[in-house]
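Beneath this line is the structure, given in structure tokens, with notes to follow.
Just so we're clear, the structure is a prediction, and the values are computed from it rather than from any experiment.
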Amino acid sequence: MKQLYKRYSFVLCTLAPVHVGNGDTYTQKEYIYENGHYYFPNMGSLYEEIQNHGPEVVKTFEDFLMLNQNNNRRKPRLVDFLNDQRIAARGFGGYQIDETMFESEKDQRGKINEISEFIKDPYGSPYVPGSSLKGSLRTLVLNGKPNVKNDNELSSIFSNIYVSDSSPISLEKLILCRKWDYSGIKMEAKGLPVYRESLRPFTVIKFEIQACNNEAVEILDNLSKIAESVYQHYHEFFLQEFSNKYIQNNVFAPMYLGAGSGLWTKTKIDDVKLNRFKTGKYSMKRKGVLKLTKAPLVKYKEKGEIHSLIQNNENFYEMGKSGFICRALEDN
């Protein structure tokens with residue numbers, strides 16, 4: 001049988017903040033909070049400016065970097081160091097993220113100890129690696145294709161699916177988001193000291209996918225239907241345990257992408273033995289908490305009507321929730 005080959009346009013739209021990290025974090029020694037902005041300077045350029053102020057300031061800066069390595073006292077902040085040394089310059093390259101007012105409590109603004117960085121290309125632009133999207137698609141197929149019996153069979157299929165890295169994304173699409181866990185038992189959300197650079201809701205991200213055999217082509221041709229079926233199962237298994245006001249409506253074919261979206265978006269739901277999570281380090285009540293974050297309200301227009309991405313007045317979004325359109329390219 002002749003093996004099919006098809007190329008696809010894959011357009012993903014974030015419906016909530018999405019974080020794809022590179023494993024690095026910023027501390028308060030590496031960013032400047034001023035005038036409603038979080039500024040992440042190029043530290044090499046910053047050091048050159050400090051050198052211009054003489055060896056004593058250089059020594060003071062090196063001592064500053066060594067402060068508070070192993071205790072829980074107030075963390076030293078880069079903005080305080082610069083102000084103490086009367087260094088007014090701020091043109092150190094890098095980039096800034098505008099404050100949304102949802103990052104932390106009012107008295108804690110600008111005092112975030114660690115911020116997980118969004119992955120960026122060599123030119124400093126955020127992007128989503130093809131491997132990250134491919135992993136999410138693999139989870140969809142694992143949950144939505146009952147005839148795929150095991151990981152080896154799935155790996156064989158996905159070895160014939162090639163996903164490009166996304167097109168570069170504007171730095172203006174980044175915001176800072178805090179992790180919130182919503183308990184369906186206590187009926188309340190708890191903010192945690194975990195902060196991530198994330199893409200704003202309604203950010204459009206473009207990829208290209210190639211399918212190089214018949215099984216791969218069948219999956220890509222039916223990907224939207226698979227995603228809708230998987231979401232329905234996820235909703236019945238987990239989401240329906242929570243208030244509807246925290247559950248976002250789908251726009252396009254549903255999926256979850258990136259860190260912080262929760263266990264049930266990252267695994268084959270039917271294979272998880274809940275008894276494993278009743279005791280021990282990873283114990284959880286019922287099926288766990290709903291993973292949320294906060295961001296500004298976003299509205300969109302569809303068929304002449306205005307809709308909101310969220311249904312609550314607390315600005316809570318489902319972390320990582322997205323929608324996609326996957327279409328075969330005409331030049332196949």
Side-chain angles (χ1 to χ4, degrees), residues 17-127 169-180 191-200 258-260 293-295 319:
V18 168
H19 171 77
V20 180
N22 63 1
D24 293 334
T25 58
Y26 294 106
T27 70
Q28 292 190 75
K29 298 176 184 177
E30 297 168 290
Y31 73 83
I32 300 168
Y33 172 78
E34 284 180 327
N35 304 318
H37 306 290
Y38 290 83
Y39 174 40
F40 302 86
N42 179 298
M43 294 301 285
S45 299
L46 171 64
Y47 190 70
E48 289 179 3
E49 174 64 24
I50 290 171
Q51 286 180 311
N52 292 336
H53 289 259
E56 289 188 8
V57 177
V58 170
K59 178 63 167 59
T60 302
F61 182 64
E62 291 171 349
D63 291 342
F64 160 79
L65 293 177
M66 297 302 295
L67 286 174
N68 201 17
Q69 294 291 308
N70 299 305
N71 62 57
N72 293 321
R73 296 178 182 174
R74 180 181 180 274
K75 306 298 183 183
R77 300 194 300 164
L78 179 57
V79 65
D80 292 337
F81 170 83
L82 296 175
N83 290 337
D84 290 346
Q85 300 301 316
R86 298 182 180 179
I87 299 175
R90 293 294 186 267
F92 309 124
Y95 62 97
Q96 72 176 28
I97 295 177
D98 294 338
E99 185 178 36
T100 66
M101 310 296 281
F102 297 109
E103 295 87 353
S104 60
E105 290 80 5
K106 187 175 181 179
D107 62 346
Q108 292 299 311
R109 286 176 188 157
K111 300 177 183 178
I112 299 173
N113 287 333
E114 286 192 351
I115 299 170
S116 296
E117 183 182 0
F118 199 97
I119 190 168
K120 300 177 183 71
D121 65 22
Y123 301 99
S125 296
Y127 78 104
I169 303 166
S170 170
L171 284 163
E172 295 179 355
K173 296 296 185 180
L174 289 180
I175 57 175
L176 298 185
C177 291
R178 185 181 186 183
K179 177 180 179 180
W180 289 79
L192 302 176
V194 177
Y195 302 88
R196 304 177 175 110
E197 288 186 343
S198 303
L199 297 176
R200 292 177 177 273
T293 191
K294 288 190 175 187
M319 186 68 187

Closest heavy-atom contact between N35 and H37?
-> O-CD2, 3.1 Å

Of N22, L199, L171, the residue whose pairing with F118 passes side-chain contact (heavy atoms from CB on, under 4.5 Å) = L199

Got a second to check how far D24's CG is from I115's CD1, nearest 0.5 Å?
-> 13.0 Å

In short, I175 meets P17 closest at the heavy-atom pair CD1-CG, 4.4 Å

What's the shortest heavy-atom distance between S125 and I169, and which atoms?
-> CB-O, 3.9 Å

Applying side-chain contact (heavy atoms from CB on, under 4.5 Å), name anything that partners S45, two or more places apart in sequence or on another chain.
-> N42, F92

Determine which pairs satisfy salt bridge (Lys or Arg N to Asp or Glu O under 4.0 Å) with at least one residue from residues 191-200, sequence neighbours left out, and list them in order.
-> K120-E197

Between E99, K111, R77, which is the residue that forms a side chain to side chain donor-acceptor pair (under 3.5 Å) with Y33?
-> E99

Determine whether V57 and I87 make a side-chain contact, defined as any pair of heavy atoms from C-beta on separated by less than 4.5 Å.
-> yes

Partner set under ring-ring contact (aromatic ring centres under 6.0 Å, His included) for Y31, not counting sequence neighbours | Y38, F40

How many angstroms lie between atom OG1 of T25 and atom OH of Y195, to the nearest 0.5 angstrom?
-> 14.0 Å

Apply side-chain contact (heavy atoms from CB on, under 4.5 Å) to K294 and list each qualifying residue two or more places apart in sequence or on a separate chain.
-> F102, W180, F316

Give me the one residue out of Y39, F61, Y26 that meets side-chain contact (heavy atoms from CB on, under 4.5 Å) with L78.
-> F61

Considering all heavy atoms of both residues, which atom of H19 and which atom of S198 are nearest to each other, and what is their separation?
-> CB-OG, 3.7 Å

Interatomic distance, CD@Q96 vs CD@E172, rounded to 0.5 Å, equals 9.5 Å

Heavy atoms of K29 and L67 approach each other most closely as NZ-O, 2.7 Å

Heavy atoms of I112 and Q28 approach each other most closely as O-CG, 3.0 Å

Distance col, row M43:CE vs L65:CG, nearest 0.5 angstrom, shows 6.0 Å

Would you indicate whether the side-chain heavy atoms of P76 and F81 approach each other to under 4.5 Å?
-> no

For N83, all residues meeting side-chain contact (heavy atoms from CB on, under 4.5 Å), sequence neighbours excluded | E34, V79, R90

Intermediate values then yes/no, side chain to side chain contact (heavy atoms under 4.5 Å, CB included), T60 and I50 = CA-CA 10 Å; T60 302; I50 290 171; over 6 Å; no

N/O donor-acceptor pair under 3.5 Å between R178 side chain and L192 backbone | yes

Across all chains, not counting sequence neighbours, the side-chain contact (heavy atoms from CB on, under 4.5 Å) partners of E62 are Y47, V58, K59

